[in-house]
Asks: 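Let me give you the structure first, and then I'll get to my questions.
Since the structure is predicted, the reported quantities are computational estimates derived from the model, not experimental observations. We number each residue from 1, following the sequence as shown.
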Amino acid sequence: MAAATSSLTPVSEDVLLKVRRGAVRGVIHGLILYEVIYHWHRGRLPGFKSEEEITSYLLGTFLNIRLTNDLMREAAKVKVKGDDLLKLAEDKALQDRKLSSCDAITISIGIKYSFPVVSGDRDLQYVAKKLGVEVLW
């Protein structure tokens, strides 16, 4: 979403360009597709013209990780742990936050496959780092 709203950092822009060129493999999951389409419908992603364009871009650019029952069970555990970690965060702005289900799934995929995360979401970044997942942005 950051690419569509021109809010990428240099590191994240570099990673996404490498994904587009096929130099590295980027992965997403179904809730990422959901969130991007949702935000497009809310008018927050002016870079796309249709749901079909969004779907084609995401599924043509990124490997779509299948959401299995085992992965969902792990994501539920990450959500509980993540919410507890956020409550104890040094940054007071994070203490009242909750980890989204989408972010918990993303972190679970990072843990399971040892993938780094590229996200500007502060909640996701904080919890991912605390759980040993590398955060590129």
Side-chain angles (χ1 to χ4, degrees):
M1 290 192 305
T5 59
S6 300
S7 60
L8 290 172
T9 65
V11 170
S12 60
E13 185 173 15
D14 181 58
V15 170
L16 292 177
L17 286 173
K18 286 178 181 174
V19 169
R20 284 183 104 177
R21 287 193 316 261
V24 297
R25 182 175 297 227
V27 299
I28 61 170
H29 54 80
L31 279 181
I32 299 290
L33 179 62
Y34 159 84
E35 281 197 344
V36 173
I37 290 173
Y38 167 78
H39 287 290
W40 177 76
H41 277 288
R42 301 298 296 171
R44 298 178 185 133
L45 297 174
F48 293 104
K49 293 179 178 64
S50 68
E51 284 184 28
E52 291 75 22
E53 183 182 13
I54 294 167
T55 302
S56 177
Y57 167 72
L58 290 176
L59 299 182
T61 305
F62 299 90
L63 174 66
N64 187 21
I65 297 287
R66 189 168 158 259
L67 301 180
T68 65
N69 292 335
D70 287 341
L71 187 58
M72 294 299 92
R73 284 197 297 272
E74 291 307 311
K77 294 173 194 172
V78 166
K79 167 94 170 96
V80 170
K81 181 70 173 169
D83 288 349
D84 290 343
L85 288 167
L86 287 165
K87 282 182 204 172
L88 300 172
E90 305 80 32
D91 182 346
K92 297 234 185 270
L94 293 175
Q95 291 177 355
D96 291 330
R97 305 279 305 163
K98 300 271 188 198
L99 193 64
S100 74
S101 297
C102 185
D103 292 349
I105 293 167
T106 299
I107 293 168
S108 296
I109 290 169
I111 292 168
K112 180 175 180 166
Y113 297 103
S114 299
F115 290 160
V117 171
V118 178
S119 175
D121 184 303
R122 290 184 58 222
D123 304 347
L124 186 153
Q125 290 175 340
Y126 180 81
V127 174
K129 287 176 187 175
K130 290 289 188 181
L131 296 180
V133 175
E134 180 184 6
V135 176
L136 302 177
W137 171 60

Asks: List the atom of Ile32, the atom of Thr106, and the distance in Å for their closest heavy-atom pair.
Replies: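 Smallest interatomic distance, heavy atoms only, reads CD1-OG1, 4.1 Å.
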Asks: Find the distance between OG (Ser100) and CG (Leu31) and round it off to the nearest 0.5 Å.
Replies: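 Ser100 OG to Leu31 CG: 8.5 Å, rounded to 0.5 Å.
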Asks: Spell out, as yes or no, whether a donor-acceptor pair under 3.5 Å connects the side chain of Thr55 to the backbone of Glu51.
Replies: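 Yes, because the side chain of Thr55 sits within donor-acceptor range (under 3.5 Å) of the backbone of Glu51.
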Asks: Between Ile105 and Ala75, which heavy-atom pair has the shortest distance, and what is it?
Replies: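 For Ile105 and Ala75, the tightest heavy-atom pair comes out as CG1-CB, 3.8 Å.
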Asks: Count I, L, V, M, F, W, Y as connected when their side-chain heavy atoms are under 4.5 Å apart, and connections chain through other members. Are Leu17 and Val117 then in the same cluster?
Replies: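 No, it is not one cluster - the side chains of Leu17 and Val117 are not joined through contacts under 4.5 Å.
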Asks: Shortest non-hydrogen contact from Gln125 to Trp137?
Replies: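 Minimum heavy-atom contact is NE2-C, 2.8 Å.
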Asks: Do Leu136 and Leu124 belong together in a cluster built from hydrophobic side chains that touch within less than 4.5 Å?
Replies: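 Result: no, two separate clusters.
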Asks: In the structure I gave you, are the side-chain heavy atoms of Phe115 and Val27 within less than 4.5 Å of one another anywhere?
Replies: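 A side-chain contact exists here, since the closest heavy-atom pair is under 4.5 Å.
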Asks: Side-chain heavy atoms under 4.5 angstrom apart, residues restricted to Ile, Leu, Val, Met, Phe, Trp, Tyr: same cluster for Tyr126 and Val135?
Replies: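 The answer is no; the residues belong to distinct hydrophobic clusters.
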Asks: Find out whether Tyr113 and Ile65 are in side-chain contact, i.e. whether some heavy atom of one side chain is under 4.5 Å from a heavy atom of the other.
Replies: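 Result yes, sub-4.5 Å side-chain heavy-atom pair found.
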Asks: CE/Met72 to CG/Leu67 distance, rounded to the nearest 0.5 angstrom?
Replies: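 If I round to the nearest 0.5 Å, the distance is 4.0 Å.
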Asks: Looking at Asp91, I'd like to know if its CG atom is crowded, meaning that more than 12 non-hydrogen atoms belonging to other residues, nucleotides or ligands lie closer than 6.0 Å.
Replies: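 For Asp91, atom CG is crowded (more than 12 foreign heavy atoms under 6.0 Å).
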Asks: Nearest 0.5 Å please: distance from the CD1 atom of Ile109 over to the OG atom of Ser114.
Replies: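 Rounded to the nearest 0.5 Å, the CD1-OG separation comes to 13.0 Å.
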Asks: My understanding is that only one of Lys81, Lys79, Lys87 makes a salt bridge (charged side-chain N to carboxylate O under 4.0 Å, His left out) with Asp83; could you say which?
Replies: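 Of Lys81, Lys79, Lys87, salt bridge (charged side-chain N to carboxylate O under 4.0 Å, His left out) with Asp83 is met by Lys79 alone.
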Asks: What is the distance from atom CG of Leu71 to atom CZ of Arg66, rounded to the nearest 0.5 Å?
Replies: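 Rounded to the nearest 0.5 Å, the CG-CZ separation comes out at 10.0 Å.
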Asks: Show the nearest heavy-atom pair for residues Ala104 and Val78, with the distance to one decimal.
Replies: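 So the two residues come closest at O-CG1, 3.8 Å.
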Asks: Taking all non-hydrogen atoms of both residues, which atom of Ala93 and which atom of Arg97 are closest, and how far apart?
Replies: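 For Ala93 versus Arg97, the nearest heavy atoms are O-CG, 3.3 Å.
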Asks: Among Arg42, Glu35, His41, which residue meets the side chain to side chain contact (heavy atoms under 4.5 Å, CB included) test with Tyr38?
Replies: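 Only match with Tyr38 under side chain to side chain contact (heavy atoms under 4.5 Å, CB included): Arg42.
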Asks: Give a yes or no on whether Val36 and Tyr34 share a hydrophobic cluster (residues Ile, Leu, Val, Met, Phe, Trp, Tyr; joining criterion: side-chain heavy atoms under 4.5 Å apart).
Replies: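 No, because Val36 and Tyr34 fall into different hydrophobic clusters, even though each may have its own neighbours under 4.5 Å.
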Asks: Using side-chain heavy atoms (C-beta onward) and a distance below 4.5 Å, is Val127 in contact with Leu131?
Replies: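 Yes - at least one pair of side-chain heavy atoms lies under 4.5 Å apart.
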Asks: Show the nearest heavy-atom pair for residues Phe48 and Trp40, with the distance to one decimal.
Replies: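 That would be O-NE1, 2.9 Å.
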Asks: Quick check: do Leu86 and Lys98 have side-chain heavy atoms less than 4.5 Å from each other?
Replies: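 Of all side-chain heavy-atom pairs linking Lys98 with Leu86, none is under 4.5 Å.
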Asks: About how many Å separate CD1 of Ile28 and SG of Cys102, when rounded to the nearest 0.5 Å?
Replies: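 Atom-to-atom, Cys102:SG and Ile28:CD1 are 10.0 Å apart.
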Asks: Give the C-alpha distance, both sets of side-chain angles, the deciding distance and a yes or no for side-chain contact (heavy atoms from CB on, under 4.5 Å) between Val19 and Val118.
Replies: CA-CA 12 Å; Val19 169; Val118 178; over 6 Å; no
Asks: Please round to the nearest 0.5 Å and tell me the distance separating atom CZ of Arg25 and atom CG of Leu63.
Replies: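 Output value for this atom pair is 5.5 Å.
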